[in-house]
Amino acid sequence: MTVSVNSGRIRLLPTAALVLGAIYCVVPTLWILIAATKSKTDLFSTATYLPSFGAGIWQNIVDLSTYQGGIFWQWMLNSFGYALIGGVVASLVSAACGYGIALYEFRGRKVVFNVILACVLLPQIVLAIPQYLLLSNVGLTDSYLGVLLPQLFNPYGIYLCRIYAASSVPQSLLEAGRIDGASEWKLFHTVGLRLMGPGLITVFLLQFIAIWNNFLLPFVMVNSDSKFPLTVGLYSLLRHGAAEASLYSLVITGTLLSVLPVIALFLSLQRYWRLDLVTGALK
Amino acid sequence: MAARNRAKLPYLLVAPAVALLTLFVVAPGVYALVLSFQARKVVGGLLGGGSKLVFVGFDNYGLALADPELWASIVRMLLVALLFIPATVGFALLFALLLDVPRVRLARSTRLAIFLPYAVPGVIASLMWGFMYLPATSPIGGDHVDFFGSTTVFFSVANVAVWGSVGFNMIVIFTALRSLPAELYEAARIDGCSELRMALRIKVPLVLPAIAMCTLFTALASLQLFNEPNTLRPLSNAISSTWVPLMKIYEDAFVDSDVNKAAATSVLFVIAALAVSFVASRTVSRVNR
């Protein structure tokens, strides 16, 4: 009896520490939710921790939705477009490359893999400005493609896919398929891609979030408002807000609206997040 | 036919990745290298004149390295890194160890809450914290504490970065902890070893490779520091337009339109990043052994 009480008390401290950590991580989102309920004037005049129960939040959403003809929703759409298309294509490119390196012997295999491994260690963001300089020569800046193309190459994804392919696709299964007369290509997309499935979803989610979070590349690449992703759009709104404080409540509302869908997506896809696969650790 | 197909397919599979690598990593790198050895010189003449690119050797590198603003930005980045790296890795390790304590309550929901900021873009995180720092709207005492003071601003920037990265690193360490065999602890528990002693004496040494990997990730992230200070800048004049190296490169390229100097700084920066990666990954693999 004493033992169980004792061990119950001991677990209290770790739990409390974890809860504190969780609060630290959640508070900014909660506060932005409260701030978004306030009208432009209330934002600077009422107690910051008390939400307003007036029409503040709807008015803010309406104001944001009508700001420059609803450009905020265009930004939202762009962000989803970039992240979704980029995530899918980058995962397929990574899957093909990882599968090829893991399951075939061919000339140049080692060189290709070592170069890709070196790219994992090279922060992609330092390439954003050189990428802009290069793409401006071929007229691809300020276009959707200019933002999308550089983000299709995901060296870490290839590295992970190689590990997944080597551990989840047995050579013997491919041999059996070959005897049955299946073509190599067919083996890749029917056997390979299917067996690598859970790993591929992780690679997709990682790249989706990387593109969703990216700022510098679209910031340098695009200068027409209509092609901005959310990050660049809200930043530009904040910059205008420095001169015109009434825009602050729009920025706050926009911040809230841009955080909510990702959190929802995140929670609903929780089941598919194989966090153990993020580091390439496999049982 | 089948044999030929078998010989061809691996190349086809690798081709898209190699093409993208060539076009968007190698080509920009080489192009930046070329630009860094050139400068736009005005060629005057009676008939108007203009400018053209000429080869100038290492002039741009000399110019870049002699720029005191670059060095000041490097010092500021290092100061933020000095707060950011130990705080991120330290808290990530602490939370991972706490999650690993047997029968700890609320483990799933707290783990998720701590991981969630990973999905929030750095710019958006900076906006949220920025308004929390701003005296007019601050819920955390921004009207009493100046979060954008000459010293506090380093803590404020580092805090946003820590907030965004603790969760991911926690997961990396937690995954490593979970892959340790459970039998390891049984003997220690029977011997009456406390959870704290077990964490410090058994778990930490065994997950040292994961801790080293997190240190490498966060060191690389500090080099790339840009989103947080750049987004907080409109809210405070404590942050200059060249506060960290990437902001300095951006300023050179797009505000001063000195693409060649920016290219030289970029090249130096890539070399520095690769050096950090190389040294750190060597350390990681030594720890692994």
Side-chain angles (χ1 to χ4, degrees), chain A residues 11 14-15 17-19 21-22 25-26 28 31-32 35 43-44 48-49 93 96-97 99-100 104 106 112 119 121-123 125-127 129-131 133-134 149-150 152-153 158 183-185 209 212-213 215-216 231 234-235 238-239 242 251-252 255 258-259 262-263 266 275-276 278-279 281, chain B residues 5-6 9-11 13-14 16-18 20-21 24-25 27-29 31-32 35 95 98 101 103-106 110 113-114 116-117 119-124 127-129 131-132 136-139 163 171-172 175 179 220 223-224 226-227 231 234 249 253 259 262 266 269-270 273-274 277 281:
Chain A
R11 304 292 170 258
T15 307
L18 281 173
V19 168
C25 289
V26 168
W31 181 77
I32 213 82
L43 181 62
F44 297 104
T48 51
Y49 260 121
V93 169
C97 186
Y99 177 88
Y104 291 94
F106 58 95
V112 169
C119 289
L121 294 177
L122 176 72
I125 196 163
V126 300
L127 287 171
I129 290 172
Q131 280 163 346
L133 298 174
L134 186 72
L149 288 175
L152 297 181
F153 177 65
I158 297 173
S183 73
E184 294 297 318
W185 170 249
I209 288 182
W212 179 270
N213 287 357
F215 174 74
L216 187 58
T231 48
L234 286 173
Y235 173 73
L238 178 77
R239 279 250 299 250
V251 178
I252 288 176
T255 303
S258 66
V259 168
V262 202
I263 293 183
F266 213 74
L275 288 173
D276 51 325
V278 167
T279 49
Chain B
N5 201 349
R6 188 167 174 179
L9 188 79
Y11 292 103
L13 288 174
V14 175
V18 172
L20 288 168
L21 165 74
F24 298 107
V25 179
Y31 187 57
L35 282 176
F95 292 140
L98 292 174
V101 171
R103 295 189 309 281
V104 70
R105 293 305 197 89
L106 298 171
T110 50
I114 296 171
L116 219 50
V120 178
V123 172
I124 307 291
L127 286 173
M128 300 203 284
W129 281 103
F131 283 108
M132 290 181 59
T137 52
S138 177
W163 184 81
I171 294 294
V172 171
T175 309
S179 65
L220 283 175
L223 274 178
Q224 303 173 65
F226 177 82
N227 294 348
T231 310
I249 297 176
V259 167
S266 296
F269 201 70
V270 169
L274 283 177
S277 291
S281 62

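Hydrogens, waters and symmetry mates are skipped; everything else that's a heavy atom, side chains included, is used. Chain identifiers are assigned alphabetically (A, B, ...) following the order of the sequence lines, protein sequences preceding nucleic acid strands; residue numbering begins at 1 within each chain.
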Q: Do you know which two heavy atoms are closest between A/Leu238 and B/Thr231, and how far apart they sit?
A: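 Closest pair (atom of A/Leu238, atom of B/Thr231, distance): CD2-O, 3.3 Å.
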Q: Does any backbone or side-chain atom of B/Val104 lie under 4.5 Å from a heavy atom of chain A? Answer side chain, backbone, both or neither.
A: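 Both backbone and side chain.
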Q: Name the option with the most non-hydrogen atom pairs under 4.5 Å to chain B; the candidates are A/Leu216, A/Val262, A/Leu234.
A: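 Greatest number of close heavy-atom pairs with chain B: A/Leu216.
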Q: Side chain, backbone, both or neither: which part of A/Val259 has a non-hydrogen atom closer than 4.5 Å to chain B?
A: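 Contact with chain B involves the side chain of A/Val259 alone.
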Q: Do the non-hydrogen side-chain atoms of A/Leu127 and B/Phe24 ever get within less than 4.5 Å of each other?
A: no
Q: Might you point out which heavy atoms bring B/Ala119 and A/Asn213 nearest each other, and give the distance in Å?
A: O-OD1, 3.7 Å
Q: Which one of A/Thr15, A/Val19, A/Ile252, A/Val26 has the most heavy-atom pairs closer than 4.5 Å to chain B?
A: A/Thr15
Q: Specify which of A/Val93, A/Leu133, A/Ile263 makes the most heavy-atom pairs with chain B at under 4.5 Å.
A: A/Leu133
Q: If you look at every heavy atom in A/Phe106 and A/Gly100, which pair is closest and at what distance?
A: CE2-O, 3.6 Å
Q: Between B/Phe131, B/Tyr11, B/Phe226, B/Trp129, which residue shows the highest count of heavy-atom pairs closer than 4.5 Å to chain A?
A: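 The answer is B/Phe131.
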Q: Can you check whether B/Val120 reaches B/Trp163 side chain to side chain, under 4.5 Å on heavy atoms?
A: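 Sidechains of B/Trp163 and B/Val120: in contact.
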Q: Looking at B/Leu21, B/Leu35, B/Ile249, which has the largest count of heavy-atom pairs under 4.5 Å with chain A?
A: B/Leu21
Q: Can you tell me which portion of A/Ile129 sits under 4.5 Å from chain B's heavy atoms? Options are side chain, backbone, both or neither.
A: side chain
Q: Please report the closest heavy-atom contact between B/Leu13 and A/Tyr104, naming both atoms and the distance.
A: CD1-CE1, 4.1 Å
Q: Taking all non-hydrogen atoms of both residues into account, name the closest pair between A/Ala17 and B/Phe95 and its distance.
A: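 Distance-wise, the nearest heavy atoms are O-CE2, 3.8 Å.
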Q: Please report the shortest heavy-atom distance between B/Ile114 and A/Cys25, naming the atom on each side.
A: CA-SG, 3.7 Å
Q: Tell me, out of A/Cys119, A/Pro150, A/Ser258, who's got the most heavy-atom pairs with chain B below 4.5 Å.
A: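 Of the candidates given, the most pairs with chain B belong to A/Pro150.
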Q: Side chain, backbone, both or neither: which part of B/Val101 has a non-hydrogen atom closer than 4.5 Å to chain A?
A: side chain
Q: Given the options B/Leu116, B/Val270, B/Leu220, B/Leu106, which has more heavy-atom pairs under 4.5 Å with chain A than any of the others?
A: B/Leu116
Q: Measuring heavy-atom distances to chain B, does A/Ile158 have an atom under 4.5 Å in its side chain, in its backbone, in both, or in neither?
A: side chain
Q: Heavy-atom distances under 4.5 Å only: say whether A/Leu18 touches chain B with side chain, backbone, both or neither.
A: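 Interface part for A/Leu18: both.
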Q: Highest number of heavy-atom pairs under 4.5 Å with chain A: which of B/Pro117, B/Ala253, B/Ala32, B/Gly29?
A: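 Answer, by heavy-atom pair count under 4.5 Å with chain A: B/Pro117.
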Q: Using a 3.5 Å distance criterion without hydrogens, assess whether the side chain of A/Gln131 forms a donor-acceptor pair with backbone atoms of B/Pro28.
A: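 No: the side chain of A/Gln131 does not pair with the backbone of B/Pro28.
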Q: Within the structure provided, determine whether B/Pro121 and A/Trp212 are in side-chain contact (heavy-atom separation under 4.5 Å).
A: yes
Q: Need one label for A/Thr255: side chain, backbone, both or neither, based on atoms under 4.5 Å from any heavy atom in chain B.
A: both
